[in-house]
Every structure is written in structure tokens, then in C-alpha cells.
Number of protein chains: 2
Amino acid sequence: MPRTSSTRAPGGAVTLQQVATAAGVSLATASRVLHGSGGRRVAEALAERVTAAAAELRYVAHAPAQSLARSRSTVVGVLVHDIADPYFAAIAAGAMGVAREHDLMVLVANTFRDPDLERDYLARLRAQRARAVLLAGSAFVGEPFAEEVAAFAESGGRVAAIGAHGTGIDTVVPDQYGGGRLVAEHLVGLGHREIGVITGPAGLATVAQRLAGFTSVVSGPRLLHADFTREGGRTAAHELLGRHPELTAIFALNDLMAAGALAALRELGRRVPEQISVAGFDDLPVATDLTPALTTVRLQLADIGARAMRLLLDGEPGGRLVPAPAELVVRESTGRASTLH
Amino acid sequence: MPRTSSTRAPGGAVTLQQVATAAGVSLATASRVLHGSGGRRVAEALAERVTAAAAELRYVAHAPAQSLARSRSTVVGVLVHDIADPYFAAIAAGAMGVAREHDLMVLVANTFRDPDLERDYLARLRAQRARAVLLAGSAFVGEPFAEEVAAFAESGGRVAAIGAHGTGIDTVVPDQYGGGRLVAEHLVGLGHREIGVITGPAGLATVAQRLAGFTSVVSGPRLLHADFTREGGRTAAHELLGRHPELTAIFALNDLMAAGALAALRELGRRVPEQISVAGFDDLPVATDLTPALTTVRLQLADIGARAMRLLLDGEPGGRLVPAPAELVVRESTGRASTLH
DNA sequence: TCGCAGGCGGAAAGCGCTTTCCACCCCCAC
DNA sequence: GTGGGGGTGGAAAGCGCTTTCCGCCTGCGA
């Protein structure tokens with residue numbers, strides 16, 4: 001039985017060399033046994049000695065050294081706007097599950113919708129020789145995007161995105177457009193004609209698409225920009241109703257803002273859905289617990305994250321588009337347009 | 001001006017050597033210029049040539065190689081139960097902010113409260129030579145904890161935890177006990193005597209502490225174990241009231257379960273707070289939007305995450321304890337105990 | 001019995017970077 | 001004018017691992 005403390009390197013870490021010595025084999029053999037899969041076979045007896053020694057010494061391979069030698073690392077990056085936003089948390093969770101199946105670790109970074117930050121993280125990920133990066137909601141809509149991504153791809157990493165699909169990039173495309181249209185059809189079907197829309201940050205592809213779907217059915221809704229946060233939704237609702245008291249329905253482009261809108265309506269004493277209907281988008285867990293329970297569009301976020309990660313790790317990269325369905329979930333916050341207002 | 005494509009390595013990545021060559025200096029000089037801080041000075045003119053060449057070639061240092069040479073990496077790990085749980089998402093977000101200030105990347109992993117998974121990730125983080133790891137809600141309450149952590153620390157990494165403080169580990173200690181007591185005092189102050197508690201997963205330190213705080217004021221409450229999820233809270237509330245219809249208040253040990261409990265009460269037609277009061281714990285964003293708005297205990301989660309990360313990166317490690325306050329937030333879900341039930 | 005092929009262990013050459021150590025050059029002092 | 005010292009650039013030795021290539025040994029066939 002090898003000594004434990006005396007064989008430890010000063011840094012405290014056990015090296016392959018130490019394992020090899022303890023097992024009485026060469027470095028190369030030890031490497032072959034522990035990494036195994038590389039074509040070559042090692043005699044049973046030796047392999048066992050190595051495995052035993054490794055376990056005994058609690059050997060853990062030095063990942064940076066492996067990355068260097070193999071010139072590929074075992075980490076993937078996930079870039080989100082803000083992990084504290086449940087929308088992205090759900091996506092990240094889905095992606096992390098798949099990454100684990102592939103024995104990869106996940107670096108998560110908040111870009112806060114800041115192109116500079118995103119560029120910076122992309123460079124850092126490139127520095128880490130991250131095997132891949134998932135852009136879950138990129139700040140880039142147009143071309144600058146392509147350039148940064150190209151640099152990453154050129155150094156051997158794979159790139160996939162959710163939503164805003166750039167040129168030739170594997171993308172999971174949630175049906176934002178379809179979702180917007182479903183809401184519009186639903187509201188129109190209930191007799192609503194005067195509808196206000198609380199939109200998200202300008203320049204976000206998600207926003208543009210949801211809105212486009214909506215306006216494909218309802219022309220010229222009252223628009224007000226907000227920032228995808230609950231508070232933003234609340235003040236926007238106040239303002240929207242101040243300007244257009246005739247509205248019989250509000251469509252908030254995400255659930256967080258819808259929650260804020262409901263709060264605003266409560267403050268104004270407007271009953272939902274009797275006096276005014278409210279719809280959201282995303283079907284976050286919170287949607288069920290709002291009062292009234294929120295009519296919204298369900299995106300299977302965890303699944304979307306998982307698919308994106310699979311796009312990143314399986315198959316041949318290059319411009320694949322995976323659609324993800326949007327589904328209307330009718331709850332209690334929408335009802336027939338009231339004739340009086 | 002150096003050629004761009006012809007100097008690129010086959011892998012697509014630019015190496016320091018290429019930058020050095022392009023700038024007409026040695027590898028060593030290039031390294032000194034780009035890493036700079038290492039004591040030695042380089043003549044102005046050369047430094048500029050190197051910087052220019054690096055920019056020109058879009059050079060990004062190979063992080064694994066740096067980690068290997070310096071024997072320290074630039075990543076830190078954050079282990080959470082589930083990033084999709086808003087409680088942990090908030091903590092992670094806080095931690096990530098601080099990590100960014102220190103130019104570190106954050107590896108996030110879901111342990112799902114599984115000790116084996118946690119052990120596994122700890123080993124992987126050790127393999128990455130992660131500079132530090134934050135255990136935000138560990139699965140380990142007792143001793144096995146110490147052993148795994150010791151292995152990590154022995155190989156040069158720092159460890160900090162949130163909540164369950166192990167021997168000699170830097171820890172941010174949210175005042176779970178105090179929070180539990182605040183709820184108890186609040187409910188008792190409102191005249192409640194028959195109180196049910198929906199607890200979390202057995203063996204979680206958080207659960208034990210919140211409960212201990214509560215029972216330090218209220219002896220022998222009706223207990224029912226659940227799993228910290230909304231659905232768990234809902235079924236638990238149903239069961240609790242089935243068994244003990246005389247309850248005038250329910251304390252759910254986290255907000256998610258409180259949301260479930262409110263749903264259950266709605267299903268049962270029990271009015272909150274007129275007929276029965278409900279309190280939660282955590283003050284998640286959703287608390288405000290529940291109906292009625294939830295009385296709960298506020299933990300400053302992002303701040304807790306940030307402090308923990310600072311503990312990890314600043315100062316001398318070893319057994320520091322940073323308390324984080326718990327604050328009662330009284331909203332509408334709690335009221336005077338009804339005399340009739 | 002000898003030759004050759006196949007199998008398997010080991011030596012060694014990197015992977016890209018940091019950092020020590022050496023050598024050189026310039027300048028100052030004697 | 002020459003010797004020595006400080007400062008600055010470069011060569012080279014690793015960091016821990018993978019992987020090619022080499023050589024040995026074994027076993028089989030003739």
C-alpha cells in the first residue's frame with residue numbers, strides 16, 4: 001500500500017507520474033489505463049494495479065494539462081442575459097442536464113444584454129478553449145454577432161443559439177411568432193378590439209418576433225416599451241391605461257411584466273378578467289399562482305435548453321434549425337370583452 | 001502589418017509564439033508584456049510592438065496552458081441544488097457578479113441534493129484546479145462533507161459555504177433560526193395557537209434551523225414533510241388540513257411551498273387570511289404577486305451569494321462566519337386568528 | 001530450432017505558457 | 001580608457017498530460 005502523504009506533490013495534488021510509480025508502471029501505461037479509450041490495450045494485471053493505485057491516491061487528472069495535451073477542454077459555456085431571470089434559469093437547467101450526460105462542465109455567465117460583456121465572455125470562453133458555447137438570448141441581432149462567433153468557431157469551438165439565429169449557426173427557434181399570433185387570435189376571439197401591448201427591450205429579436213406574430217392578427221395595437229421586468233410591466237400598465245382607458249385587454253410580452261400589469265390593475269381597482277383581460281408569454285411557474293391565473297404562451301424552456309445543448313454536442317454543426325413549439329395556455333386572466341368600460 | 005491567415009496555427013488558434021514572431025521579439029518578452037505584472041519591465045517600444053501584434057492577430061491566451069504553467073486556474077465553481085430554483089438562481093447571480101469583478105469565470109452545477117453528485121462535481125472541480133468552490137446549499141450536513149472538501153482544499157482550492165457551516169470552512173450564515181422565530185412570534189402575536197408547519201426535505205440544515213427557530217417559540221406544531229416544491233406544498237397543505245382542520249395558520253418553510261399552500265386553500269375554499277393565515281420563507285420575487293401577498297422572511301439572496309464569493313476570494317481563509325440577517329416581511333396572507341373555525 | 005509478426009510497455013516529444021537563469025549591452029565611476 | 005554593475009532580452013526548463021514511435025518479448029509457423 002503506497003504511502004499517502006509522502007507521495008503527495010507539494011501543491012497537494014497527485015500526479016499521474018506518482019500513480020504510475022506507485023503501480024510500478026510507466027507514465028504512458030498509466031495514462032493509457034486511466035484514459036483507456038485510445039485504441040491501445042493494456043494487460044489486465046497492469047491495468048488493475050494502476051486503477052488501484054489511482055484510487056488509493058485519490059488521483060484526479062489535471063484537467064488543464066489534459067486540455068493542453070488534447071487541445072480540447074471539457075467545459076462548455078452558456079451565455080444568458082441574467083441567470084436570476086427564471087426564463088434563463090430554466091433554459092440553463094435544461095442545458096446543464098445534457099452537458100452532464102456528456103461529462104462536461106458548464107460555465108455560466110450573465111451578459112445583461114450588454115454586447116461588450118457578451119463579446120468579452122466569448123473571448124474568455126475562447127481562451128478556455130471551451131468546447132462550445134450556447135448563446136441563450138444574445139445581445140446581437142445583426143452582424144457584429146457573426147464576427148465574434150466566427151472567432152470562437154475558428155479556434156475550434158462550436159456555437160449554438162436560442163432564438164436569434166445568425167448565419168449558419170445551429171439554432172433552436174422557439175415559435176415566438178406563432179405564440180404572439182395565438183395570443184392575438186385568442187383575444188380577438190373573445191371580442192377584444194382595443195388591445196394594449198407592453199413590449200420588451202427594443203432590439204431584442206424575441207420581442208420583435210412575438211410582436212410581429214401578434215400584429216399579424218391585430219393591426220395597430222397600442223404599444224408601450226418596457227424592460228421585461230415585473231416593475232417595468234407595472235409602470236407600463238399604469239401609463240398605458242392612463243393614456244388609453246378604452247383598452248379591454250393587455251398583452252405583456254413576458255410573464256414577469258404580466259405579473260406587474262396585474263398588480264397595476266389591482267392598484268387601479270380594475271377587475272381581471274371582467275373589466276380587462278391580461279395575457280403573458282413564457283408560462284413561468286409563477287403564472288399559475290398569479291391572481292387570476294395567467295393566460296400565457298408556454299415555451300418548454302428546459303427542453304429548449306436541452307435541445308440547444310444537444311445541437312452543440314451532437315451531429316454535424318452548421319445552420320441547423322430546430323423549431324420549438326409555442327402553446328397557448330388559457331387560464332383565468334382572459335375573458336370576453338366587456339361591452340361597457 | 002503581419003499576415004493574418006498564414007500565421008494562424010492549423011487548429012485556428014493564435015499562439016503567443018506567433019505574436020512574438022510577428023512583433024520580432026522572443027516568446028519570453030511577449031509573455032512578459034502581455035501578462036505584465038510579473039515584476040519585470042519591458043522597454044516601451046517593444047511592449048507596444050507586442051501589444052499591437054497581439055491585437056492584430058486577435059490573440060487570446062490559452063487558458064489551460066496558463067493554468068498549467070501557473071498551476072492555478074481562473075475558474076470558480078458554484079454548486080447549487082438546482083439553478084432553476086429561484087432561491088439558488090438569486091444566490092448564483094450574486095456570486096457571479098463578484099466573480100466577474102475578480103476576472104473569474106463561474107462553473108455552475110446542479111447537485112439535486114444528491115451527495116454522490118456533489119462529490120462527483122467536487123472532484124471535477126478539483127480536476128479543473130478550480131480556484132475555489134462555493135457550496136450553496138450542500139447535501140452534506142455532517143462529516144462526509146469534511147472529507148470531500150478537505151481533498152479539494154488540499155489540492156489548493158478554497159471552499160466556502162452558505163448555510164451549513166462545516167468545521168473550519170468560511171461560511172455565510174443566513175439567520176434561518178432567527179427567521180423561523182420571527183414568523184412564530186408574528187403568528188403568536190396575532191393570536192394563533194394551532195399552527196401547522198410544512199417542512200422541507202429531512203436532513204437539510206436549512207430546514208432544521210428554520211424549524212428550530214420556530215419551535216423555540218411555538219411548541220409542538222403540527223408538522224408535515226414536503227420537498228420544497230410548489231406541488232409538494234400544495235399536497236402537504238391538503239393533507240395537513242385534512243388531518244388537523246382546527247389549524248388557524250400554516251407556516252411553509254419556503255415560499256414555493258407557501259404558494260402551493262395558498263393554491264390548496266383556494267381549492268378548499270378557505271379564505272386567507274380571514275380563516276387561515278399563511279407564511280412563507282425566502283421572500284422570492286413571486287411573494288408579492290401571490291394572492292394574498294405573502295407574509296414571509298426576507299433573505300437577501302443575491303447579497304448572500306456575493307458575500308460568499310468574497311469570502312472565497314478575499315482575505316485569509318478559515319472558519320470565518322458571516323451572518324446574514326433575516327427580516328420579517330408582513331404582507332396580506334397573515335391576520336388575526338379567527339375565533340371561529 | 002530459428003525467423004518473423006504481432007502485441008504491449010516505455011521513452012520521449014510535444015501541447016502553450018510562465019519564469020528562472022544567463023548573457024549581453026550600455027553607462028557610469030574610477 | 002577600462003572594469004563593473006544594473007537593467008533588459010532571450011534561451012530553456014519545466015507545468016502534467018497525451019500520443020507517437022521504438023524496441024522488446026512472446027508465440028506461432030516452417
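Lettering follows sequence order; numbering is per chain, from 1.
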Base, sugar-phosphate, or nothing for A:Ala43, non-hydrogen atoms under 4.0 angstrom? sugar-phosphate
For DNA chain D, which residues in residues 69-77 of chain B have a heavy atom at a distance below 4.0 Å? B:Ala69
Main chain of [Y], side chain of [X]: is a donor-acceptor contact present, judged purely on distance under 3.5 Å?
X        : Y        : answer
A:Ser31  : A:Leu27  : no
B:Ser67  : B:Ala63  : yes
B:Arg129 : B:Arg126 : yes
B:Asp170 : B:Gly318 : yes

Going through the checks in order, is the side-chain contact (heavy atoms from CB on, under 4.5 Å) test met by A:Val76 and A:Leu134? CA-CA 8 Å; A:Val76 298; A:Leu134 172 56; over 6 Å; no
Whole Å only: how far is the [atom1] atom of [X] from the [atom2] atom of [N]?
X        : N      : atom1 : atom2 : result
B:Arg32  : C:dG16 : CZ    : P     : 20 Å
B:Gln17  : D:dG10 : CD    : P     : 11 Å
B:Leu68  : D:dA13 : CG    : P     : 17 Å
B:Leu57  : C:dG16 : CG    : P     : 15 Å
A:Gln128 : C:dG16 : CD    : P     : 16 Å

If you take atom types as modelled and just measure distance, does the side chain of B:Arg129 reach the base of D:dG16 with a donor-acceptor pair under 3.5 Å? no
Which is more 5' along DNA chain D, the nucleotide nearest A:Ala61 or the one nearest B:Glu44? Just name the residue. B:Glu44
On DNA chain D, does the nearest nucleotide to B:Leu27 precede the nearest nucleotide to A:Gln66 from the 5' side, or the other way round? Give the residue. B:Leu27
Does OP1 or OP2 of [N] have a side-chain N or O of [X] closer than 4.0 Å?
X       : N      : value
B:Thr29 : D:dG10 : yes
A:Tyr59 : D:dG16 : no
B:Ser31 : C:dT18 : yes

Report the C-alpha distance between B:Arg124 and A:Asp103 in whole Å, list the side-chain angles of each, state the deciding distance to 0.1 Å, and finish with yes or no for salt bridge (charged side-chain N to carboxylate O under 4.0 Å, His left out). CA-CA 10 Å; B:Arg124 289 171 124 76; A:Asp103 272 343; 2.7 Å; yes
Using nucleotides 23-26 of chain D, report all nitrogen or oxygen pairs with the protein that are shorter than 3.5 Å.
none

Could you tell me whether A:Asp120 and B:Arg100 make a salt bridge, using a distance below 4.0 angstrom between a side-chain N and a carboxylate O? yes
Which residue in the set B:Asp114, B:Asn110, B:Thr111 passes side-chain contact (heavy atoms from CB on, under 4.5 Å) when paired with B:His81? B:Thr111
Closest to the side chain of B:Ala28, out of C:dT18, C:dG16, D:dA12, is D:dA12
May I ask you to check whether over 12 heavy atoms, not counting those of A:Arg72, lie within 6.0 Å of atom CZ? no
